[in-house]
Structures are given as C-alpha cells and as structure tokens.
Amino acid sequence: MLKAGFIGFGRMGITHYSILNSHPSVKIAAIADTSKTMRGLLAKYLEVDTFTDYQQMIQKHALDFVVISTPTDSHADVISFAIDHNLHVFAEKPLAMTPVESERLVERIGKKPLVNQVGYVNRFNEVFMEVKRLLHAGAIGEIKNFSSEMYGATVLKGSNSTWRSKRSLGGGCMYEFASHCLDLVVYLLGQPERVAGSVLKSIYSSHVEDMVTSTLIYPNGISGTINVNWSDETYRKPANIVTVFGTRGKIVADKHAYKIFLKDDLAYEGFHQGWNTRYITEFAHPVRFYVRGNEFTRQLDYFVDAILEEQSDNISGFSQAHKTDLLMSSIVADFQKSASTKISGQFIANSTRGSEPNLTLWQKIIKRIGD
C-alpha cells in the first residue's frame, strides 16, 4: 500500500483526492493546506492528519508520494523539498514559474529513481491519444500546418481578489489555460524551433492577460497557431480544439471526438475517402472511478502504476513539462520584443521600450497590456 500526502486542497486537490482515495493501492495519510477553514472541514469529515506546513507533514509521515496542487509560484520549493525526502511527485501544471526553475527540477529529480509527473491531463485523453497515433502513422501524409485552440469562461469580469489575477502567484491565461494548449502541441508534434507574432491581451483583467495568440514554427517547415481565451462566455466548460492539415488529409479534434478527412481510402483503419467521424465513446476504455473525465483518473492511475512498477520514465514527466515552460517563456519574450506596424507599413512603436530598463519582463508585459 502506497502512502500519499496532499499539498494544497483547492479544486484540483479535491479532484485528485476523490480519485486516489478510491485506488486499491493507495492510502491517503495526510493533507497540508494553508486554509484554516479547509483544515477544519478535513478534520471533521476525513480520517487524515492535517497540517498548515507541508514540511512538517512530510517530516512526520513516512510517505511514498505527494500530490502538489498549490499555486505555481510555490512549486519549485515544494517539489525540491519532496525530492530531498525521496518522494515520488505528482504536481499540477505548469511545472514552475520559469524554465530556469523547471530545468533545475528536471536535473535534481533525474539524479534519483523517483517517478515524476505533471498534470497535463490532455495527454491522457483518448481522443488526443488517437490523434497522436494517426499523425505518427502518417494517416494524413506530411504535416504542413496546425492550430491549437482553447476557450473557456474562467474570467468574465474584472477582479483582483484571486490568485488567477496575480502574476506573482502564477495567475493569468498563459499559465492557467495556454499551458494546456501548448503542451498539447508539444505532445502531438514536438517542441517548435521558434515563435513569432505573439500577442498577450487583456479583456477584463487589470494585471494579467486574458488572451494569448502566437505562431509556432518548426525546423521541418511545419507551422501553426495557438489561440487561447479564458474570457469566452460562449463556452460552458473549457474546450480544446486541435486542427492538423497534411498532404493527404486533415484532422479536427476536441476532447469528445475527432473528424478525419482523407483524399484516399485507408481501408486498414476502417476509414473511407472524405470525412470520417469517431466519437470517444466508440473507442474509449472505462476507468475504475469517473470524475470530470476519464483522463483525470487515467493520469493518476498511470502515475501510481509507474511507482508500483518502478518505472521513472513518464509521458508527462518533468522533462516534458519543461519543454512547455520554455515555450511559454518564448512567447512572452516574443511579445515583449515585437513591434506594431500599420498595414500601410508605417512603423508605429517598438515595445522593448529601452527607457524602462528597471522594469521586469512581466512588468513590461502588464504595462503594455494596459496600454
């Protein structure tokens, strides 16, 4: 029986708890959370030890692994402490606030036989898993172009009271939403060589971006766009949409189904020329416990199985999450250095603004969003 500790018990912590609490090989021993109200509820309704300080929890209990669902700004310290105490780690995305921090975590955990995983749940969605298989099998020929979109109604009014509105805590559309969208690109197509034309834009927020767009360019000639908006009230739930165009066809997919258009028959796959639609219910395998989607259980069961089987390689490990951190950082840097130009070609302004040398990169971004 594996003993687990939870660090952070907000929405995602509760989701992960409900899944792992039903796992036959897991015993949840302790939970650390800074909220006095939450600790009171836990002590009243659950048979677990509760702590304010995660370090005390780890030092008191002989744990096998921890599940970290705290704001991103704390990830580097919490994960480092867990590594020091030889614990397997499942951490919510993104891995860290900067690629420098995430690279250090990759290096540190790579020196120990510890399972490490980041909660990029789309990698465990069976539609996207099927899309990846088809792309790698060459079903639509040579890939030329793609788009990765994500929309949701997370922020529909101005607010400065939550962590999502605070850049210092890891708030903003980039970390919360675009990280999923970008990681899905890395999962399906690999890490791009460079980015261009990046834009971060505010809709309701005062100190963070609500929209992210960028063009991703690969050395083999593939290019694509990302378009992310967490202030779109036309979506009741967050939605990911991926479109990939190739020389022999096209794939359009979301979490629930995919459509594939083929110029020629692919009888071995059961597809015909033209459009073919496959719904997730046609090929998904049931999970032992359902909450929010099969992929949420599948990712945690995969993590537990990796511990039990002593398999440190992980399809959503720290090294993969570091690639997404690098990509997010590149988009921010590209937006900061880019110039605005009228269609006529008349130069308007260069956003690097050399007169503001004392501002941090994110301060410059926030100022530009406000402008």
Task: Heavy atoms from other residues, nucleotides or ligands near CD of Glu282 exceed 12 (cutoff 6.0 Å) - done: yes
TODO: Look at the side chain of Thr50 and the backbone N and O of Ile31, then say whether any donor-acceptor pair between them is shorter than 3.5 Å.
DONE: no
Open item on the list: Could you check whether atom NZ of Lys255 has more than 12 heavy atoms from other residues, nucleotides or ligands sitting under 6.0 Å from it?
Closed with: yes
TODO: Check the surroundings of atom CZ in Phe283: do more than 12 heavy atoms from other residues, nucleotides or ligands lie under 6.0 Å from it?
DONE: yes
Task: Arg104, CZ: over 12 other non-hydrogen atoms inside 6.0 angstrom - done: no
Open item on the list: Between Asp49 and Ala29 (side chain of the first, backbone of the second, donor and acceptor by atom type, cut-off under 3.5 Å), is there such a pair?
Closed with: no
Task: Of Val89, Leu20, Ile19, Ile28, the residue whose pairing with Val67 passes side-chain contact (heavy atoms from CB on, under 4.5 Å) - done: Leu20
Task: Check against salt bridge (Lys or Arg N to Asp or Glu O under 4.0 Å), Arg133 and Glu130 - done: CA-CA 5 Å; Arg133 185 187 68 80; Glu130 181 71 357; 2.7 Å; yes
Open item on the list: Does Lys112, at its NZ atom, have more than 12 non-hydrogen atoms belonging to other residues, nucleotides or ligands within less than 6.0 Å?
Closed with: yes
- [ ] Go through the steps for His16 and Gln299 under the test side-chain contact (heavy atoms from CB on, under 4.5 Å), then give the verdict.
- [x] CA-CA 10 Å; His16 297 325; Gln299 70 169 350; 3.7 Å; yes
Open item on the list: Side-chain heavy atoms nearer than 4.5 Å, only ILVMFWY residues, links allowed to pass through others: does that put Phe177 and Val155 together?
Closed with: yes
Open item on the list: Is it true that Thr297 and Arg288 share a donor-acceptor pair across their side chains at a distance under 3.5 Å?
Closed with: no
Open item on the list: Other residues, nucleotides and ligands only: do more than 12 of their heavy atoms fall within 6.0 Å of CD on Glu310?
Closed with: no
- [ ] May I ask you to decide if the ring planes of Phe81 and His85 are parallel, tilted or perpendicular, using 30° and 60° as cut-offs?
- [x] tilted
Task: Over 12 non-hydrogen atoms of neighbours within 6.0 angstrom of NE2 in His136 - done: yes
